[in-house]
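Within every chain, numbering begins at 1; the chains are lettered A, B, ... in the order of the sequence lines, protein sequences first and strands thereafter.
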2 protein chains.
Amino acid sequence: MRAGRRIGRDSASTRQAILEATEQLMREEGYAAVSSRRVADRAGLKSQLVHYHFGTMDELFLAVYRRAEEDYLAQLLQALTAPQPISRLWKFSREADTGLVAEFIALAIHRKAVRDEIARSNDRVRAIQSAVLSKALTQAGISAEDLPAEVLAFLIAALSRTLVTETALGASAGHSALLAFVERRLLELEGGPRS
Amino acid sequence: MRAGRRIGRDSASTRQAILEATEQLMREEGYAAVSSRRVADRAGLKSQLVHYHFGTMDELFLAVYRRAEEDYLAQLLQALTAPQPISRLWKFSREADTGLVAEFIALAIHRKAVRDEIARSNDRVRAIQSAVLSKALTQAGISAEDLPAEVLAFLIAALSRTLVTETALGASAGHSALLAFVERRLLELEGGPRS
DNA sequence: GTCTATAGGCCGATAGAC
DNA sequence: GTCTATCGGCCTATAGAC
């Protein structure tokens, strides 16, 4: 059906430029710094074009989110299908749960129009992770009573997000100790190179 | 020295009203919804009074933070000096790490003027918790190699904050399982009523 | 300490020409 | 699809009267 995807064929590059400028602004200055005027300036366009292509700012934010989510899911699936998926997920989450994720969560909490979609996305990602972790834990000889997969998935998300947030804040109390602690537990779970 | 604290004696109630209105707005709609006009409206005042009493909005935010931090620290010390301080800290954190804390962290990440103070406050609280948890862990027969106190303090902060954030978002994947998991671990650490 | 008045600026969004 | 023009609104902050 790729051939049928012709809507806005000429505007593709403009749309891309707007999406890219918006994502950059969110990363650098947070969602509150995003305005149609600032986005347009950064993309070398007029602000009215932002509204022409995306309507409201909420729809623009959602378009940026959907684009970022695609990449995120593709990389997540790659990490989860590799050997030692638990360690891979920990590594992936520490790299992928960046300030952008934090901005979207903060945005979603205060904007009805984007909240539902981001909340569902959050739970959906967690479910995918839990399904894969469940098999990995069984293989590692860990029962669901000792460590449910959904608990492990929550732990990984909570720790990586908090590390990112506090680092952005300039706070680092306990970070290195936590990293050492987690690495050690992961080694116990999945061991070193396959024996 | 209480008698010497006379500066702004007549303005005390106005200042309090402004602080209270600001905190309310932050809780209900987030820091981005706070403006001198909206704060003043809620307090039944003119917006210029906000600037007269606090100068810039950043100083207003810091004043609200310092007031909230006082309460927070008082309650934290109470929790940490009770029997079974680990369970108490978990309970306290789940109650005290509210949306207000999340708003201040988000605010601090994007406002230079408040970042340093909130980052230092965050690390200072973590250090207090670690010191007390260290003794509690030793008493429970847990060595620092098995579970360093600063790691436990980080875990408690990360989990309670993530629970609060995701709940505000409307996401709940793994929440109940996580709560059950943590409660069980806490029972193992500190047991039931003192034997 | 509180008021009125105001400067100077950024915002979302739309209308209509081309 | 992109432009110019513009409406109506909210913002921080200051000056000066009382």
Contact list for residues 166-176 of chain B, test side chain to side chain donor-acceptor pair (under 3.5 Å), sequence neighbours left out: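 Sorted pair list: N122(A)-E166(B), R126(A)-E166(B), R161(A)-E166(B), E166(B)-H175(B).
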Evaluation steps, side chain to side chain donor-acceptor pair (under 3.5 Å), between E59(A) and T56(A): CA-CA 5 Å; E59(A) 290 171 280; T56(A) 67; 3.1 Å; yes
Nearest whole Å is fine: how far is [N] [atom2] from [X] [atom1]?
| X | N | atom1 | atom2 | result |
| --- | --- | --- | --- | --- |
| L49(B) | dT4(C) | CG | P | 10 Å |
| R15(B) | dG1(C) | CZ | C1' | 13 Å |
| E59(B) | dT14(D) | CD | C1' | 15 Å |
| L45(A) | dT4(D) | CG | C1' | 16 Å |
| Q16(A) | dG1(D) | CD | P | 15 Å |

SB check E103(A) R27(A) (cutoff 4.0 Å):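 Salt bridge flag = no for R27(A) with E103(A).
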Flag, side chain of D123(B) to backbone of A173(A), donor-acceptor distance under 3.5 Å: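 Yes, the answer is positive, given that a donor and an acceptor are paired below the 3.5 Å cut-off.
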Nucleotides 12-18 of chain C: protein proximity per nucleotide (B base, S sugar-phosphate only, - neither; heavy atom, under 4.0 Å): BBB----
Results of side chain to side chain contact (heavy atoms under 4.5 Å, CB included) for T165(B) - residues two or more places apart only: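 For T165(B) the side chain to side chain contact (heavy atoms under 4.5 Å, CB included) partners, ignoring immediate neighbours, are I105(A), I109(A).
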Short side-chain N/O contact to dT2(C) OP1/OP2 from T14(B), under 4.0 Å: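 T14(B) to dT2(C) OP1/OP2: side-chain N or O found under 4.0 Å.
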Over 12 foreign heavy atoms within 6.0 Å of CD, E70(A):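 No, not enclosed.
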